[in-house]
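Every chain is numbered from 1 and lettered A, B, ... according to where its sequence line falls, protein lines coming before strand lines. Only heavy atoms go into these numbers, but all of them, side chains included; no hydrogens, no water, no symmetry mates.
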Protein chains: 2
Amino acid sequence: MTDRRIDVRSPVPAYQQLADSLRQRIGAGEWPTGPLPSIEHLQGEYGIGRDTVMRAIKILADEGIVYTIPRRGTYVTRKDHE
Amino acid sequence: MTDRRIDVRSPVPAYQQLADSLRQRIGAGEWPTGPLPSIEHLQGEYGIGRDTVMRAIKILADEGIVYTIPRRGTYVTRKDHE
DNA sequence: AGTAATTTGTTCGTATGTATC
DNA sequence: AGATACATACGAACAAATTAC
């Protein structure tokens, strides 16, 4: 089970906490084929704002874990695509 | 006469102002049978963006004043339909 | 029957304003 | 002053269903 809550009192920024959470969920095998939930959906799911979600996704994209197709969605990078 | 302008300097969000305007116009008897103007039309009429229009329509839909048929249009809820 | 236009649905990109720490 | 964060807002692009011709 992965924690979907953000601790606003934590010294760890919310966008970092979200990146950690998404990294775990991806590692656990969520969204193997299709796209991740949309920014708006993640906003609602985690109770956070838009730019926080976008920052988290950018972290994962910089790590090569996901890639974003504009106006399509964000996808998990397949291993045979590395 | 119903005001069709959005005051961008108002603390009231544009989508709320639009919802108020549409609610008044519906109450005044506009669009008794047919659908409301399309999103694109309302964008032009009020000089606002797409998501602002959609948020306003969602407010009215949540209030039960209108209902949207996907890819058809948004209709005023008839009283004998309540 | 078939193609183009219309319309809503969805999504990311970007910008601004405000508040907080 | 700067980083973080939320809300609002416009734009652009594409999908999918419906309608018009």
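- Rounded to whole angstrom, the span from the CD atom of Gln43(A) across to the P atom of dT11(C) amounts to 12 Å.
- Rounded to a whole Å, the CD atom of Glu40(A) is 12 Å from the P atom of dA7(D).
- The shortest distance between the side-chain N/O atoms of Arg55(B) and the OP1/OP2 oxygens of dT8(D) is below 4.0 Å.
- Under 3.5 Å, the side chain of Arg72(B) and the base of dT6(C) form no donor-acceptor pair of N or O atoms.
- The CE atom of Met54(A) sits 16 Å away from the P atom of dA7(D) (whole-angstrom rounding).
- Within the 4.0 Å cut-off from OP1 or OP2 of dA9(D), not a single side-chain nitrogen or oxygen of Tyr15(B) is found.
- Here dA5(D) presents its C1' atom at 13 Å from CG of Leu18(A), a figure rounded to the nearest Å.
- The distance between atom CD of Gln16(B) and atom P of dA7(D), rounded to the nearest whole Å, is 15 Å.
- Hydrophobic clustering of Ile, Leu, Val, Met, Phe, Trp and Tyr side chains at less than 4.5 Å, counting indirect connections, unites Ile65(A) with Leu22(A).
- Side chain of Pro13(B), nearest nucleotide from dT8(D), dT8(C), dT11(C): dT8(D).
- Ranking dG9(C), dA9(D), dA12(D) by closeness to the Ala14(B) side chain, first place goes to dA9(D).
- Comparing Ser38(A) and Asp51(A) by the nucleotide of DNA chain C that holds the closest heavy atom to each, the one mapping nearer the 5' end is Ser38(A).
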Verdict with supporting geometry, Lys58(A) and Asp62(A), salt bridge (charged side-chain N to carboxylate O under 4.0 Å, His left out) | CA-CA 6 Å; Lys58(A) 186 178 187 308; Asp62(A) 288 344; 2.9 Å; yes
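- The shortest side-chain heavy-atom distance between Leu60(A) and Ile26(A) falls under the 4.5 Å cut-off.
- An OP1 or OP2 oxygen of dT4(D) is reached within less than 4.0 angstrom by no side-chain nitrogen or oxygen of Thr52(A).
- In this entry the distance linking CZ of Arg9(B) with P of dA9(D) reads 14 Å, nearest Å.
- The CG atom of Asp7(A) sits 15 Å away from the C1' atom of dA5(D) (whole-angstrom rounding).
- In this structure, Glu63(B) places its CD atom where more than 12 heavy-atom neighbours from other residues, nucleotides or ligands lie under 6.0 Å away.
- Of the candidates dG13(C), dA13(D), dA16(D), dA13(D) carries the atom nearest the Arg50(B) side chain, counting heavy atoms from C-beta on.
- Put simply, NZ on Lys58(B) is 11 Å from P on dG9(C), counting in whole angstrom units.
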Quick one: do Ser21(A) and Tyr46(A) satisfy side chain to side chain donor-acceptor pair (under 3.5 Å)? Show the steps, please.
-> CA-CA 10 Å; Ser21(A) 176; Tyr46(A) 284 88; 2.7 Å; yes
